[in-house]
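Just below is one structure, and these are the notes that go with it.
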Number of protein chains: 2
Amino acid sequence: MTPTIPDIVIGRLPVYLRALTRLSQEGVDVTSSHELGQRLGISSAQIRKDLSHFGGFGKQGTGYQISYLIDQLRQVLKVNREWDVVLVGAGDLGSALLHYRGFAERGFKITHVFDAAPEKIGKQIVQFSVQPMDELQETVQQHNIKMAMIAVPAEAAQRVTDLLIASGVKAILNYAPINLNVPDGVNVQYIDPVLHMQRMTYYIP
Amino acid sequence: MTPTIPDIVIGRLPVYLRALTRLSQEGVDVTSSHELGQRLGISSAQIRKDLSHFGGFGKQGTGYQISYLIDQLRQVLKVNREWDVVLVGAGDLGSALLHYRGFAERGFKITHVFDAAPEKIGKQIVQFSVQPMDELQETVQQHNIKMAMIAVPAEAAQRVTDLLIASGVKAILNYAPINLNVPDGVNVQYIDPVLHMQRMTYYIP
DNA sequence: TAGATTGTTAATCGATTAACAATC
DNA sequence: TAGATTGTTAATCGATTAACAATC
């Protein structure tokens with residue numbers, strides 16, 4: 001069995017990947033842990049240590065070939081393929097997520113949208129037709145979808161979560177401002193911009 | 001001088017505050033580190049330790065009075081007041097942020113919107129009129145604004161950051177998918193939902 | 001009083017950094 | 001070859017947890 005890699009390391013890989021993609025776009029072919037660390041504001045030792053969990057991607061004296069490292073990181077993170085995602089909640093926020101092109105551009109394709117409100121069912125948003133909640137389980141199972149985004153009010157979020165998990169979803173991006181309880185084997189990530197704002201005000205004199 | 005409190009502790013306070021606010025809405029008056037920890041999936045010891053950095057907010061044998069603890073945390077985080085915020089970038093994302101009511105509801109009031117594109121200047125979004133970038137510095141200084149959100153393309157983000165900092169901004173919520181270089185005394189928080197998605201796919205079998 | 005829970009100290013755990021041999 | 005940078009080990013640093021006296 002592969003020794004378990006710390007989650008905090010996994011969390012930094014997408015940051016590396018993003019910076020490397022950017023360097024690549026700028027026409028840079030090779031970089032070093034030092035250069036990358038400088039860009040990201042972290043130590044070169046940390047970058048080397050993080051990468052070394054997955055194998056030797058660099059060359060002594062030279063550094064890392066960016067295109068190769070990108071390929072390897074995409075493979076490790078399993079983002080070298082397209083992932084289907086369902087969205088629950090078709091309000092203002094859900095609608096904004098449907099309009100956001102960044103997901104599809106980077107391999108996350110929203111395929112279905114659900115909402116509980118009868119008046120929203122059948123509504124067209126971008127190319128999506130909002131489906132009722134009772135179709136969720138069958139749809140998710142039929143298409144073997146493993147990822148979901150939640151954009152419903154806090155009161156509904158745990159119920160929606162339980163339904164998603166019962167349907168086989170393993171990864172949830174939660175925009176509702178509430179902590180979710182999930183069993184082992186299911187991953188939740190939280191987005192609440194207000195939390196970030198509240199963290200910063202502490203430091204403003 | 002107050003001993004410095006670890007940033008990771010500051011980062012958890014808004015999470016506590018959010019959970020406490022929710023408990024309060026549910027009609028609960030008193031809670032314990034154990035109950036709160038259970039809700040949030042963290043240890044009771046961590047909660048007690050975090051809170052103890054700021055004083056004794058609880059009572060042995062009883063726990064914490066929620067309304068009092070909320071007041072105290074709001075004071076510590078300086079969110080017991082309203083903060084003005086400028087938004088840079090009036091594209092799809094910026095527009096979605098203007099429509100999002102969660103900021104104002106929790107004390108962060110977007111007061112001005114800027115964009116570099118001539119065709120966007122003067123455009124009305126919700127109650128805002130998009131202003132040109134050359135008005136940014138004067139506006140920020142005049143109103144003594146300390147917080148900003150960035151919703152521009154990655155290529156423009158560092159330039160915008162430099163301008164914001166030159167204007168006196170101390171806290172930046174960055175939606176552009178790029179790392180920003182800022183001097184000491186300026187705080188940046190990042191929101192890139194794709195990074196969260198990429199972190200979760202690693203764990204999907 | 002008996003039971004419960006805090007605030008805090010000490011012990012443990014884990015993550016980061018420093019250093020350097022290996023080697024391109 | 002000389003210079004540079006990796007991958008890795010050991011040392012350091014910091015955060016979390018366990019435990020318990022204090023006390024409501």
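Since the model is a prediction, treat every value here as computed from it, not as a measurement. Hydrogens, waters and symmetry mates are skipped; everything else that's a heavy atom, side chains included, is used. Just so it is clear: chains get the letters A, B, ... in the order the sequence lines come, proteins before strands, and each one is counted from 1.
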Stepwise side-chain hydrogen bond (donor to acceptor under 3.5 Å, both in side chains) check, A:Thr31 with A:Glu35: CA-CA 6 Å; A:Thr31 191; A:Glu35 184 184 36; 2.3 Å; yes
Beyond-backbone contact of A:Val85 with A:Thr111, side-chain heavy atoms, under 4.5 angstrom: no
Closest to the A:Lys49 side chain, choosing from C:dT9, C:dG7, D:dT9: D:dT9
OP1 or OP2 of D:dT6 under 4.0 Å from side-chain N/O of A:Arg48: yes
Nucleotide nearest B:Ser33 when distance is taken to its side chain, options D:dG7, C:dT6, D:dC24: C:dT6
Pair A:Phe57 + A:Phe54: ring centers closer than 6.0 Å: no
Touch class at under 4.0 angstrom, heavy-atom based, for A:Ile8 against every strand present: sugar-phosphate
Selected nucleotide, minimal atom distance to A:Ser32 side chain, candidates D:dT6, D:dT8, C:dT5: D:dT6
A:Thr62 side chain near C:dC24 phosphate (N/O to OP1/OP2, under 4.0 Å): no
Candidates D:dT17, D:dT8, C:dC24 - which lies nearest the side chain of A:Lys59: C:dC24
5' precedence on DNA chain C between A:Pro6 and A:Gln60 (nearest-nucleotide basis): A:Pro6
Nearest-nucleotide comparison on DNA chain D, the residue closer to the 5′ end among A:Asp50 and A:Gly61: A:Gly61
A:Tyr64 vs D:dG7: side-chain N/O to OP1/OP2 distance below 4.0 Å: yes
Short side-chain N/O contact from B:Arg12 to OP1 or OP2 of D:dT16, under 4.0 Å: yes
Lys/Arg-Asp/Glu bridge criterion (N-O < 4.0 Å) met for B:Arg39, B:Glu26: yes
